[in-house]
A.B. asks: 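Can you read through this structure? Questions will come right after.
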Protein chains: 2
Amino acid sequence: MTEPTQVQVEQLTRAFERFTRRFKVAEAAAATDNALNALDAETLVFIGNNPGCGMGDVARYLNVALTTMSSAIDRLVRRSLIERRRTEDDRRSLALTVTHKGRQAIDDHVAAYRELCRIMLRSLDPREQDELIRLTEKIAGTQA
Amino acid sequence: MTEPTQVQVEQLTRAFERFTRRFKVAEAAAATDNALNALDAETLVFIGNNPGCGMGDVARYLNVALTTMSSAIDRLVRRSLIERRRTEDDRRSLALTVTHKGRQAIDDHVAAYRELCRIMLRSLDPREQDELIRLTEKIAGTQA
DNA sequence: TTGAATACTACGAGTTTCGTACTATCTTGA
DNA sequence: TCAAGATAGTACGAAACTCGTAGTATTCAA
C-alpha cells in the first residue's frame with residue numbers, strides 16, 4: 001500500500017485507455033451472431049459457478065433490479081441454456097442450473113476470454129509474462 | 001512475442017476475472033445520477049480529443065451505426081455538453097466541439113477513471129507500480 | 001452536367017432495463 | 001395458532017437505446 005505519484009497515475013491512465021481500446025476492438029471482432037448480451041453472459045457464468053442458486057442471488061451479485069434479472073433468466077431459459085425449477089424446501093425460490101447447451105456456451109465464452117488473455121501475454125517476454133500475472137493477482141486480491 | 005503456456009493463460013484469465021469484477025463494482029459505486037451512458041461518455045471524450053470532428057468520424061471510431069451516433073450526438077447537444085455546427089467547406093458535415101460544461105464533464109470522467117488507476121497502483125509497492133505501467137504500455141502498444 | 005458518393009436526419013421496430021403492483025410462500029410473535 | 005410482515009419471484013408498462021430503411025442536402029467525378 002504505497003501511494004502512487006501523480007505522474008504514475010497519469011501514465012497508467014493513458015496506458016489503460018489504449019489497452020482497453022485495443023481489447024474492446026478485439027472483443028467486438030470475436031463476437032458471434034448468437035452471442036449473449038453482457039448481462040445474460042454474466043448471469044449464465046454465475047449460474048455455472050453457483051448451481052442451484054436463486055434469482056435474487058444473481059441479481060444481488062450483478063447489481064441489477066430483480067425484474068431485470070427475471071427477464072434475463074427468461075431469455076436464458078427460452079434459449080435452453082439454463083433450467084429453472086422450484087425448490088422443495090422453499091417453494092417461493094427457484095433453483096437455477098445450466099443445461100448441457102449452457103455449459104457449452106460458457107466454455108465458448110471462457111475460451112474467448114482466455115484468447116484475449118493469451119493475446120495480452122504474447123506481447124511480453126517470458127519473465128514479463130509471469131510478472132504481469134503476479135501483479136494482476138496482487139491487485140485483484142487486495143481488499144478495497 | 002513469446003507464446004505463453006497454457007498454465008499462464010489460465011492464471012491470467014482467473015486473475016483478470018477477479019480484477020475486472022473488483023473494478024466494475026468500484027465503478028458502479030462511483031456512478032453519479034447525471035452520469036452518461038457508456039456510448040455518450042465515449043463520444044464526449046472522443047470529441048474532446050478531436051475537436052471539429054464529424055459524426056462519421058466518431059461512429060467509425062466507436063464502431064456503431066451512424067444513426068446510433070446521431071442519437072448520441074442529439075442527447076449530448078440537448079444536455080449542452082457539445083456543439084454541433086455545419087462546416088463552411090463541406091456543408092453536409094458537422095463540426096463537433098465540446099462546450100465548457102462538456103469539458104467539465106470530461107474532467108470528472110477522467111478524474112473517476114484516474115481514481116480507479118490510483119486504487120490499482122496503491123495495491124503495489126513502488127517498483128511494482130512502475131513495472132505495471134511499463135507492462136501495460138507494452139501490451140497496449142503492441143500491434144495485434 | 002448529371003449520376004454516384006458522402007454526411008447526416010427522420011422514423012419506426014425490436015430489445016433491454018426497471019419501477020409498480022401483484023401472487024405465493026414462509027416466518028415470527030402474541 | 002394465526003395474523004402481520006418479510007421474502008422470492010412474476011406481470012405489465014414506460015422509458016431508453018440501437019439500428020435498419022428511406023430520405024435530404026451537398027459534393028465529386030467523368
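To find a chain, count down the sequence lines: A is the first, B the second, and so on, and within it residues start at 1. Atom set for the values below is all heavy atoms of this structure, side chains included, hydrogens, waters and symmetry mates excluded.
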A.B. asks: Give a yes/no on whether any side-chain N or O of B/Arg84 is located under 4.0 angstrom from OP1 or OP2 of C/dT9.
C.D. replies: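 For C/dT9, OP1/OP2 do have a side-chain N/O of B/Arg84 under 4.0 Å.
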A.B. asks: Report the distance from atom CE of A/Met55 to atom P of C/dT17, rounded to the nearest whole Å.
C.D. replies: 13 Å
A.B. asks: Would you kindly give the CG-to-P distance between A/Asp57 and D/dG9, to the nearest whole Å?
C.D. replies: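 Checked: the CG to P distance equals 7 Å.
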A.B. asks: Does A/Ser70 put a side-chain nitrogen or oxygen below 4.0 Å from OP1 or OP2 of D/dT10?
C.D. replies: yes
A.B. asks: To the nearest Å, give me how far apart CZ (A/Arg75) and C1' (D/dT10) are.
C.D. replies: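 Result: 15 Å.
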A.B. asks: In this structure, how many angstroms lie between the P atom of C/dT17 and the CD1 atom of A/Ile73, rounded?
C.D. replies: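 Result: 12 Å.
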A.B. asks: Find which nucleotide of DNA chain C each of A/Asp40 and A/Thr67 is nearest to by heavy atoms, and output the residue with the more 5' nucleotide.
C.D. replies: A/Asp40
A.B. asks: Would a distance-only check, ignoring hydrogens and angles, find a side-chain to backbone donor-acceptor pair under 3.5 Å from A/Arg85 to A/Leu96?
C.D. replies: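 No, the answer is negative, given that no donor and acceptor are paired below the 3.5 Å cut-off.
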A.B. asks: Before accepting this row, confirm whether a basic side-chain N of the pair B/Glu17/B/Arg14 lies closer than 4.0 Å to the acidic partner's carboxylate O.
C.D. replies: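 B/Arg14 and B/Glu17: not salt-bridged.
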A.B. asks: Could you state the CG-C1' distance from B/Leu66 to C/dA10, rounded to the nearest angstrom?
C.D. replies: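 Atom-to-atom, B/Leu66 to C/dA10, this comes out as 13 Å.
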A.B. asks: Could you check how far CG of B/Asp74 sits from P of C/dT9, rounded to whole Å?
C.D. replies: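 Computing the B/Asp74:CG to C/dT9:P distance gives 7 Å.
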A.B. asks: Once you round it to whole Å, what is the distance between C1' of C/dG14 and CG of A/Asn37?
C.D. replies: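 About 13 Å, once rounded to whole Å.
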A.B. asks: Is a side-chain N or O of A/Thr87 found less than 3.5 angstrom from the main chain of A/Leu94, in a donor-acceptor match?
C.D. replies: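 Side chain of A/Thr87 to backbone of A/Leu94, a donor-acceptor pair under 3.5 Å: no, none is there.
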A.B. asks: Between B/Arg78 and D/dA16, does any side-chain N or O lie under 4.0 Å from OP1 or OP2?
C.D. replies: no
A.B. asks: Measure from the side-chain heavy atoms of B/Arg92 and tell me the nearest of D/dA25, D/dG20, D/dG9.
C.D. replies: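 My answer, after comparing the listed nucleotides, is D/dA25.
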A.B. asks: B/Leu39 CG to C/dT16 C1': how many Å, rounded?
C.D. replies: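 Answer to the nearest Å: 15 Å.
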A.B. asks: With side chains defined as the heavy atoms from C-beta onward, is the minimum distance between B/Leu62 and B/Thr68 less than 4.5 Å?
C.D. replies: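 Answer no - side chains too far apart.
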A.B. asks: Side-chain N or O of B/Thr68 less than 4.0 angstrom from OP1 or OP2 on D/dC19?
C.D. replies: yes
A.B. asks: Is a donor-acceptor pair below 3.5 Å formed from side chain B/Arg91 to base D/dT26, judging by atom type as modelled?
C.D. replies: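 No, the side chain and the base share no sub-3.5 Å donor-acceptor pair.
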A.B. asks: From the set C/dA7, D/dT10, D/dT18, return the single nucleotide nearest to any side-chain atom of B/Ser93.
C.D. replies: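 Comparing C/dA7, D/dT10, D/dT18 against the side chain of B/Ser93, the answer is C/dA7.
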A.B. asks: Using only atom types and a distance under 3.5 Å, with no angle test, would you say the side chain of B/Glu137 pairs donor to acceptor with the backbone of A/Ala15?
C.D. replies: no
